[in-house]
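Worth saying up front: this structure is predicted, and the values here are computed from it rather than measured. Atoms within a ligand are numbered from 1 in the order they appear, just like the ligands themselves.
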Amino acid sequence: MSSRTATSGSESSTRNPSLPPFDYTPRPYTGASADEVLKLRNRNLSPSLFLYYKKPLMIVEGRMQYLYDETGRRYLDGFAGIVTVSVGHCHPYVTEKAVEQMQTLQHATTIYLHPTIAEYAEMLAARMPGDLGVCYFVNSGSEANDLALLMARLYTGNYDMIALRNGYHGGVNSTMGLTAHGTWKFPVPQNSGIHHVMNADSYRGPWGADDPEAGAKYAGEVEDHIRYATPGKVAGFVCESIQGVGGAVVYPDGYLDRVYRSVRAAGGVCIADEVQTGFGRTGTHYWGFELNGVTPDIVTMAKGIGNGAPLGAVVTTPKIAEALKQRIHFNTFGGNPVSMAMGKAVLEVIENEKIQQNALAMGARLLQGLHQLQRKHDIIGDVRGRGLMIGVELVKNRQTKEAASDECARIFERCRELGLIIGKGGLSGNTLRIKPPMCIGEADVDFMLAVLEQAFQELEGSRAETIAP
Ligand code: PMP
């Protein structure tokens, strides 16, 4: 472990959990202080950005599953830069391939031949089921979903698009339209032709996990919506394979299969947003849609695909791709050699280091521990997810399910003080999101659980004090 790892006041207590040892010394940081950076940011960056934590955290270095702040203090990263660092911060192999490419040729567009884009597309297509084999490369998840929406409309000749409430698909105009989280929707025209149907959420929705017909009933909502609110023909349906920003909502069995059939019967195509769930994160499957037993017509990817490279992709069938041939589709940075080299390296690392298998094993250990915590702490209303895509929803009362948003914020802050970085989501901000780089080990999982245990115990202690006369 780094000898420079600082011990802050809250970390120094002997009863606090200790981070697993890690043989790495971060570089001495000599740049601007966090206060200075905050001042500059406030002066020159968008005022609509938001920061995690009351006292913002400054991250200056990362190595595999760990992050370092400017004092050299180490944190376990349980959020992977918003589910993006799939195989580890500055993974040596991915870095080596990126640097090698940077030193050879940083930029070329698709108007010339370049080997890496061709090799990478072949590797990616080989990992897709069915006819999904034509790749488009872009730079973000928003761009990928924007392109998928265009494809759906061009291919089908239809306009209406079905998406789920509580879904997140990006922040550009068209994908803001697909998104159904009021927090992210600006009051400008962006919903044209997009319908948001009831979310298939067995925890909050009308049909719970104990209802074997829940999947069919939620799918019935889509069917009704198509009948009532569209011309009976739709361009398509899009959903995340497990909702990410919405707090790791997993759909009931049979739901997507029936929705896909109904959407196809209405002339539409089915789009799987794999921006968070792809590349083995769910543990049992390489793609999240496989959990739901379906094969989409269009798959969108970003975030974990490049381990931090600004890379997004859309993969579709040759038939659908034909529809885009009527005009030129071009993206200056899409498929650039450096992103392609990083994408290729990520696929290799996932295979060589058995990343998916690790996500399965570590996810199972984490979920088991979280379920134990749920039995001890009433505030934990729901523990859900697959592999290393996990949500812990906090409620004030298990019957009413009133969101425990303030309590969630306190747990979240306390985890940071104790050396664990996690995410927060759901419309009410009451779901802890745990989605670490998929290279974490058992000792990391045990540290996470110990930190969360302590944070919940302290919260309950303080709640008992408040309630006491
Ligand atoms: N889809 C999903 C499921 C996402 O989580 C996100 C980003 N949070 C996006 C799309 C948009 O990706 P980007 O921020 O790269 O545009």
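- Of the protein's heavy atoms, G141 N, 3.5 Å lies nearest to atom 13 (P) of ligand 1.
- Heavy-atom distances between I82 and ligand 1 stay at or above 4.0 Å for every pair.
- Of the heavy atoms in E240, only side-chain atoms (C-beta onward) come closer than 4.0 Å to ligand 1.
- Nearest to atom 7 (C) of ligand 1 among the protein's heavy atoms is K303 CE, 3.1 Å.
- Those atoms of ligand 1 with a heavy atom of S140 less than 4.0 angstrom away are 15 (O), 16 (O).
- Residue contact check: N145 has heavy atoms under 4.0 Å from atoms 1 (N), 10 (C) of ligand 1.
- Ring to ring, H89 and Y66 are not that close: their centroids are 6.0 angstrom or more apart.
- Judged by distance alone, the side chains of S174 and D146 do bring a donor and an acceptor atom under 3.5 Å apart.
- The aromatic rings of F279 and W287 sit perpendicular, their planes meeting at an angle over 60°, well past the 30° parallel limit.
- Closest to atom 1 (N) of ligand 1, if we only count protein heavy atoms, is D273 OD2, 2.8 Å.
- Not close to ligand 1: E274, with no non-hydrogen atom less than 4.0 angstrom away.
- Distance from atom 9 (C) of ligand 1 to its nearest protein heavy atom, with residue and atom name: Y168 CE2, 3.8 Å.
- At the top of the distance list for atom 5 (O) of ligand 1, counting protein heavy atoms only, stands Q276 NE2, 2.8 Å.
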Show your reasoning for whether side chain to side chain donor-acceptor pair (under 3.5 Å) applies to E274 and T277.
CA-CA 5 Å; E274 288 283 333; T277 45; 2.9 Å; yes
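- Residue S142 has at least one heavy-atom neighbour below 4.0 Å for each of these atoms of ligand 1: 11 (C), 12 (O), 13 (P), 16 (O).
- Ring geometry for F50 against W184 counts as perpendicular: the plane angle is over 60°, on a 0 to 90° scale with 30° as the lower cut.
- Here the two rings, on F137 and F333, have centers that are 6.0 Å apart or farther.
- No side-chain donor-acceptor contact under 3.5 Å links R365 to the backbone of V445.
- Taking the ring axis of F412 as reference, the NZ or CZ atom of K424 stays within 45° of it and closer than 6.0 Å to the ring centre.
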